Visitor: 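First, the structure itself, so that you have it in front of you.
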Protein chains: 2
Amino acid sequence: MPETTRRADRLPGNRYGNRPTMKDVAARAGVGLKTVSRVVNGEPGVTPDTERRVQEAIDALGFRRNDSARVLRKGRTASIGLVLEDLADPFYGPLSRAVEEVARAHGALLINGSSAEDPEREQELALALCARRVDGLVVIPAGDDHRYLEPEIRAGVATVFVDRPAGRIDADVVLSDNYGGARDGVAHLIGHGHRRIGFIGDMPRIHTAAERLRGYRAAMEDAGIAVDEHWMSLGATSPERVRRAAEEMLSGPDPVTAIFAGNNRVTVTVVRVLAERSRPVAFVGFDDFELADLLQPGVTVVAQDSAALGRTAAERLFRQLDGSLLAPERIELPTRLITRGSGELPPAD
Amino acid sequence: MPETTRRADRLPGNRYGNRPTMKDVAARAGVGLKTVSRVVNGEPGVTPDTERRVQEAIDALGFRRNDSARVLRKGRTASIGLVLEDLADPFYGPLSRAVEEVARAHGALLINGSSAEDPEREQELALALCARRVDGLVVIPAGDDHRYLEPEIRAGVATVFVDRPAGRIDADVVLSDNYGGARDGVAHLIGHGHRRIGFIGDMPRIHTAAERLRGYRAAMEDAGIAVDEHWMSLGATSPERVRRAAEEMLSGPDPVTAIFAGNNRVTVTVVRVLAERSRPVAFVGFDDFELADLLQPGVTVVAQDSAALGRTAAERLFRQLDGSLLAPERIELPTRLITRGSGELPPAD
DNA sequence: TAGAGCCTGGACAACGTTGTCAGATGCGAG
DNA sequence: CTCGCATCTGACAACGTTGTCCAGGCTCTA
């Protein structure tokens, strides 16, 4: 069977046949294969004249080195994987970008995928990335059992978990101080005279949600306030449920005078609900968002630095790859309370 | 030299030696190499008993197929590249996510990188992705000359440009109807009685900016309004310059009564400036943003569907790969005017 | 001018996988 | 009991690159 036919067969859809290889370049330049490799990689030991001939052949053929083959030979892929929850979530944009910048500084490419908050999909993705032999993995956990990564880590895949801790496995973790941030935020409301404070957050099986709830409880306890179970809504993620939860807290005989929101999605909905009410209700949300200062009143938030999370994680990952890192560590980055008005409203009763 | 030493040498930083290969699995299971391959790929022709033995060996060794090698052999990588401007920009999150979803549906991974609006970096990134032998490339152009991709496209890399057209090269392009959207937006202001309307946009060398400017001029001309050059600010990208531009338009003897913003970054700043003013100024912005409805007044925008852009582009890319696509095409997706209040304010004079 | 040493270039194997093909094995039929 | 056939298995080459190593030619010195 003629060479061309066989190749075309193997690559259906390639409209214009195949790519030239170093062998083709070598043949055209009238030199050996390895000489082409040397030119391409800028290795010494090639006369200027030979180099020119090779370069001409490369340009003429439109040759580009096949990094897959290179990777196979060299063992390192110079790429890292990022498994996150949802690229469309504004919280992850800066995080992802920060990881990419660090990767770029280390000459690595970033391969990423969204788990859509599905543990199975997270695993599938992470393992697919390992099969691609990424040098390292930054994972924002969706699931709570990461033992499936053990063989990979043993095999040398640098791994860092971000935003939420790894499950049942000892690994590097970079987190925001969710507990402290929530406690500060709620304490801020208490400081402005509130005692009946609502908490609307995600399911407590999500680590960040649980920690923020813990912060809420701690702040209340510190102030000697007994928490009424009706003040808390856990696991209300959809806008509809958040709305209902907020409205319930705000009605009834003993309505809350302030609300603390456990994450940015909840915040968006709660802010909507509050905007519709005539009586002002104090509000503090976890996570900052754009234009929070332009709303009336400005929205007071506990801000995490998502870019710093990404940067810290990626840097740690490359330090693992350097071999300069030994024991896994848990790093907590501080949050920042940004006052803009909504959190400083006095109780309305 | 013993095997282990040689290998450890080749892969510095791998803390725990090397990954098992099919050969290792074969040895452990007492079968041939190809039999392992068959089991891993679910090919027929393996007795249940053999399969079980192989599977046990795989589990025991923690083997995972090396997709790099597989790619080398098979010719297709099942990965596509996405070159965008900035992952942290909220406009690109949903776009990126949409591309990823389509890729996933086709069993492909997504490798992405940010060009940071730098043509050189765009090229560097795109070519690095080609060297990885991605099957296809979705590019949001930063530069205006993409001839550097010609050899790649000839070699069979499916390529689609999004958001901005390709430069000096014939390729698939998926765009928003920037011209029509801007024209509609400005016509909307004119329809509410405005005649002195300001335009603040990006540098006209950026295609989207130029098109939107063209839409502005067209709407004004359709209404028989002569545009004063002082009403236009082109190339004001930094918040400071946008602010100054807006303030200049709003002061002086003949201030504008309405402003049209050419993109979301401009919008954010202009909205800030307008919020500080007592006299209401009508406003329409290109690009939607979260919570636009919560501001006072709600912000009227010309919305693009960034997810649809990504989805359309990715689908087109995979159709190229199917071979079912022939001539490059230019697709324009419609925009949508969303009225929320700011664009319906009457002129203040 | 011969020998030593350096510089350049190329042959070859290896990376881990898959496709091809032929050999081995077992079974039933003649 | 042997042959034929179907089924299962494995040896081998190839994918495109890089590392090793050696050969040949050159220069420089004695």
Side-chain angles (χ1 to χ4, degrees), chain A residues 1 3 5-11 14 18-27 29-54 57-58 61 63-78 130-133 155, chain B residues 1 3 5-12 14 18-27 29-54 58 61 63-78 130-133 155:
Chain A
M1 194 185 277
E3 173 85 344
T5 308
R6 218 197 66 241
R7 288 195 160 193
D9 247 3
R10 208 168 38 72
L11 291 175
N14 272 9
N18 247 282
R19 308 193 70 117
T21 71
M22 285 193 177
K23 203 164 137 188
D24 302 325
V25 174
V31 302
L33 179 55
K34 180 65 210 205
T35 301
V36 177
S37 171
R38 273 194 271 261
V39 171
V40 169
N41 294 295
E43 288 170 27
V46 182
T47 51
D49 182 58
T50 308
E51 176 167 354
R52 192 183 43 72
R53 284 213 322 281
V54 170
I58 288 176
L61 295 173
F63 167 80
R64 184 167 318 283
R65 181 179 62 195
N66 184 333
D67 274 354
S68 282
R70 177 166 217 252
V71 153
L72 178 60
R73 187 64 232 257
K74 304 205 71 145
R76 277 292 173 93
T77 59
C130 289
R132 293 295 169 104
R133 293 296 186 269
Chain B
M1 194 185 279
E3 174 86 343
T5 308
R6 218 199 67 240
R7 290 198 157 192
D9 246 1
R10 206 167 40 71
L11 292 174
N14 272 11
N18 245 282
R19 309 194 68 116
T21 71
M22 284 193 178
K23 205 164 135 187
D24 302 325
V25 174
V31 302
L33 179 55
K34 179 65 212 209
T35 300
V36 177
S37 171
R38 273 193 271 261
V39 171
V40 169
N41 294 295
E43 288 171 28
V46 182
T47 50
D49 182 59
T50 309
E51 177 167 354
R52 191 185 41 73
R53 285 215 319 283
V54 170
I58 287 177
L61 295 173
F63 166 81
R64 184 167 315 285
R65 180 178 63 196
N66 183 332
D67 274 354
S68 284
R70 177 167 218 250
V71 153
L72 178 58
R73 187 64 232 256
K74 303 204 72 143
R76 277 292 173 93
T77 59
C130 289
R132 293 293 170 104
R133 293 295 187 269

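Predicted model, so just to flag it, every value in this text is computed and none were measured. Just so we're on the same page: letters track the sequence lines, and every chain starts at 1.
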Visitor: With sequence neighbours left out, write down each residue that passes side-chain contact (heavy atoms from CB on, under 4.5 Å) with A131(A), or none if nothing qualifies.
Guide: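 Partners of A131(A) under the side-chain contact (heavy atoms from CB on, under 4.5 Å) test: R64(B), D67(B).
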Visitor: Please report, rounded to the nearest Å, how far the P atom of dT17(C) is from the CG atom of L72(B).
Guide: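 Distance check: L72(B) CG to dT17(C) P gives 12 Å.
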Visitor: Expressed as a whole number of angstroms, how long is the span from R64(A):CZ to dT17(D):P?
Guide: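 Rounded to whole Å, this separation is 12 Å.
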Visitor: In degrees, rounded to 10°, what is the bend between the two ends of the helix from dT1(C)-dA30(D) to dG30(C)-dC1(D), using five pairs at each?
Guide: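 For the helix from dT1(C)-dA30(D) to dG30(C)-dC1(D), the axes at opposite ends meet at about 60°.
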Visitor: Select base, sugar-phosphate, or nothing to describe what V71(A) touches, counting heavy atoms under 4.0 Å on all strands.
Guide: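 If one applies the 4.0 Å heavy-atom cut-off, V71(A) turns out to touch nothing in the nucleic acid.
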Visitor: Specify the separation, in whole Å, of atom NZ of K23(A) and atom P of dG9(C).
Guide: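 Rounding to the nearest Å, NZ of K23(A) and P of dG9(C) are 21 Å apart.
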Visitor: Among pairs that include at least one residue of residues 37-49 of chain A, which meet salt bridge (charged side-chain N to carboxylate O under 4.0 Å, His left out), considering only residues two or more places apart or in two chains?
Guide: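 Found D49(A)-R52(A), D49(A)-R53(A).
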Visitor: Using only modelled atom types and a 3.5 angstrom limit, is any donor from either the side chain of R73(A) or the base of dT18(D) paired with an acceptor on the other?
Guide: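 Indeed, a donor on one side and an acceptor on the other fall under 3.5 Å apart.
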Visitor: For N41(B), which contact category applies under a 4.0 Å heavy-atom criterion: base, sugar-phosphate, or nothing?
Guide: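 Counting heavy atoms under 4.0 Å across all strands, the contact made by N41(B) is with sugar-phosphate only.
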Visitor: Go along nucleotides 20-28 of chain D 5' to 3' and tag each nucleotide: B for a protein heavy atom under 4.0 Å from its base, S when only backbone or sugar atoms are that close, - otherwise.
Guide: B--------
Visitor: In chain order, what residues pass the side-chain contact (heavy atoms from CB on, under 4.5 Å) check against V71(B), with sequence neighbours excluded?
Guide: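 For V71(B) the side-chain contact (heavy atoms from CB on, under 4.5 Å) partners, ignoring immediate neighbours, are S68(A), T77(B).
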Visitor: Whole-Å distance between dG10(C) P and E43(A) CD?
Guide: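 Computing the E43(A):CD to dG10(C):P distance gives 14 Å.
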Visitor: Can you tell me how far C1' of dG10(C) sits from CZ of R53(A), to the nearest Å?
Guide: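 Nearest whole value for this atom pair: 13 Å.
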Visitor: Restricting to side-chain hydrogen bond (donor to acceptor under 3.5 Å, both in side chains), what partner residues turn up for N66(B), sequence neighbours left out?
Guide: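 Applying side-chain hydrogen bond (donor to acceptor under 3.5 Å, both in side chains) to N66(B) gives none.
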Visitor: Send over the distance from R70(A) CZ to dT17(C) P, rounded to a whole Å.
Guide: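 From R70(A) CZ to dT17(C) P: 20 Å.
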